[in-house]
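Here the structure is laid out as structure tokens; the discussion comes afterwards.
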Amino acid sequence: MTLQWVLDEIRKRPGTGEVVPIIDPVTEEQLTEFTDCGAAAVDEAVARARAAFDSGVWRGMPGSERARIMWRVADLIEQYADDLAEIDSLNTGMPLAQARAIMPSSAELFRYYAGWCTKVDGDAHDVQMTGGISGAHADLHTYTLKEPYGVVGQIIPWNGPVFIAWGKLAPAMAAGCSSILKPAEETPLSALVLEKILAEAGVPEGVVTVLTGYGHTAGAALAAHPGVDKIAFTGSTEVGKQIVHAATGNLKKVLLELGGKSPVLIYDDADLKTAIPMAAMGIFVHSGQGCICGSRIFVQRGVYDRVVEGLTKVADTVKLGGPKEEGAAIGPLISQKQLTRVMGFIDEGKEAGVEVVTGGHRLDRRGYFVHPTVLTNVDRGMRLYQQEIFGPVVTVLPFDDDDEAVTMANDTTYGLAATVWTTNLGRAHRLAKRLESGTVTLNCQLVFDHAVPVGGYKQSGWGYEYGRAGIETYLQTKSVLTQL
Ligand code: NAI
Ligand code: MG
């Protein structure tokens, strides 16, 4: 399953919609193209997924056998890791080392959820009902069953194609659901390899179907489809809201993993030698195209100048370039659309009097590269302070005490990730309670483990992924009551 195989294979996929070009964000040239699957393909995929679910071929298989197949998937992820990394790095422009680093954790994610296949348990309750409609007294033996939702649509973005796809598929498979995965139109290539891996591992036909198409066509049809029981979506808050509306037709359940505007608090007692480079890469990594990137840094006044200077130094020295460029630590933005969007935020800030300490421009070369950008003198009402930019752009503001830091950190509609850098342990944990965020990292950043749940407070999401909560996302509870 080489790169050339995937570039050819995607052209051959049947479709009835528009032709969609796939652009290399490093060269701005077309890599290949495919035809949007079209609405009929969505109906077919739902019918296939439903047939697989209703047949019990997967959900009815003993958990230990499903686990065995999921372990095989993990082994195959390792076997094809180099191909997957090459394809994802070409398609997204991310450094090859970064794409490679994702593969072992993707394999471990499958092994983790393989373990859950045999541990989907309900609870038992002995209860004595008193009163009720009949006024009778009854001894009841009751228990709960955890059952898969059924057919789930999984719509994912372009910033981590393999990683996010597996993160959606593994818990749904462990729960016994049938998945229809729609990768982003910008990055559908690695999904074709995922399809092959699942088939090779012995996942029955119809348990996972990949749909390649646009969001406004395939994605929207999936979100509105009466035959889909749940949608799991990662992407923009704007589309998340559209999905909620689309879901009302059959009141399908919705999981949303949306954007962030994550605060990073750096105290004057922090270990700055670690905090500064971590906070810098916490936003510049992947050109800021990560939902948990720390895009608002708040620094205690005593070390403010030092931190701004340190962030600027990283911004000016980190090497940008494509996957094939020696020493490149950061790739480009994904598309011309994202470049226009990011530059729009920056230009608006400049006009409003924001101080551009460094960056603020695209690189003078081919590809959608933006110079890592440090902004100060930012008004908290500004769009660039309030909205997710999804570029290598950070605002830095000073604070004096905890109350001021918390007020500023919480002053956004998002609540995905927050970070505190301080050597005062008590303060760190007190702040962890006060920050309105689904994840708080103390003296570390960009850390993640598939055993730990991730979810958004406020408009950063609905529901949880990863960990035990991640499989529960794909399970519903049935209560069974028995008169003794
Ligand atoms: P998007 O939210 O439009 O795209 C994400 C996925 O949703 C893609 O698969 C797309 O095809 C699909 N989609 C788009 N419209 C849809 C619809 N009406 N119904 C169903 N599915 C639909 O994100 P986009 O436009 O690529 O990026 C815009 C901004 O969104 C970024 O600047 C960033 O702020 C945010 N974003 C956040 C991500 C995250 O990880 N939280 C990932 C990607 C984007
Ligand atoms: Mg969009």
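Order of listing sets the numbers, starting from 1, for every ligand and every atom in it.
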Closest protein heavy atom (residue, atom, distance) for [atom]:
atom: atom 32 (O) of ligand 1; value: R341 NE, 2.7 Å
atom: atom 18 (N) of ligand 1; value: Q242 OE1, 3.0 Å
atom: atom 42 (C) of ligand 1; value: P157 CB, 3.3 Å
atom: atom 1 (P) of ligand 1; value: S236 OG, 3.6 Å
atom: atom 38 (C) of ligand 1; value: F390 CZ, 3.4 Å
atom: atom 35 (C) of ligand 1; value: E388 OE1, 3.3 Å
atom: atom 14 (C) of ligand 1; value: G215 CA, 3.5 Å

Looking only at distances, can you tell me whether any N or O atom of [X], backbone or side chain, sits closer than 3.5 Å to an N or O atom of ligand 1?
X: F233; answer: no
X: E257; answer: no
X: I156; answer: yes
X: Q338; answer: yes

Carboxylate-amine/guanidinium proximity below 4.0 Å for [X] and [Y]:
X: R362; Y: E28; result: yes
X: D82; Y: R100; result: yes
X: K324; Y: E86; result: no
X: E9; Y: R13; result: no
X: K350; Y: E355; result: no

Q) Quick one: are I180 and Q154 in side-chain contact, heavy atoms under 4.5 Å? A)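 With C-beta onward as the side chain, the pair stays apart.
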
Taking the six-membered ring for Trp, are [X] and [Y] ring centroids under 6.0 Å apart?
X: W58; Y: F53; value: no
X: Y457; Y: Y414; value: no
X: W116; Y: Y466; value: no

Considering the heavy atoms of [X], write down every atom of ligand 1 situated less than 4.0 Å from one of them.
X: W158; answer: 24 (P), 26 (O)
X: E185; answer: 10 (C), 11 (O)
X: G219; answer: 19 (N), 20 (C), 21 (N)
X: G259; answer: 41 (N)
X: K337; answer: 24 (P), 25 (O), 26 (O)
X: K182; answer: 9 (O), 11 (O)
X: L258; answer: 41 (N)
X: A220; answer: 19 (N), 20 (C)

Q | Mutual orientation of the aromatic rings belonging to F448 and F163 [parallel < 30°, tilted 30-60°, perpendicular > 60°] | A |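 Answer is perpendicular, since the angle exceeds 60°.
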
Q.
Below 30° counts as parallel, above 60° as perpendicular, anything between as tilted: where do the rings of F110 and W166 land?
A.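 Ring orientation, 0 to 90° scale: perpendicular.
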
Q: Using atom types as modelled and distance alone, determine if a side-chain donor or acceptor of T312 lies under 3.5 Å from a backbone N or O of T358.
A: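 A pair under 3.5 Å: no.
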
Q: Answer yes or no for R383 and F345: cation-pi contact, defined as NZ/CZ to six-membered ring centre under 6.0 Å and angle to ring axis within 45°.
A: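 The answer is yes; both the distance and angle limits are met.
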
Please state which part of [X] comes within less than 4.0 Å of ligand 1, counting heavy atoms only: side chain, backbone, both or neither.
X: A223; value: neither
X: E238; value: neither
X: Q289; value: neither

Q) Name the one of E200, K196, M103 that satisfies side-chain contact (heavy atoms from CB on, under 4.5 Å) with Y80? A)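 Option passing the side-chain contact (heavy atoms from CB on, under 4.5 Å) with Y80: E200.
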
Q | Nearest neighbour of atom 5 (C) of ligand 1 from the list V239, T234, I231, N159, on a heavy-atom basis | A |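 Of the listed residues, T234 has the closest heavy atom.
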
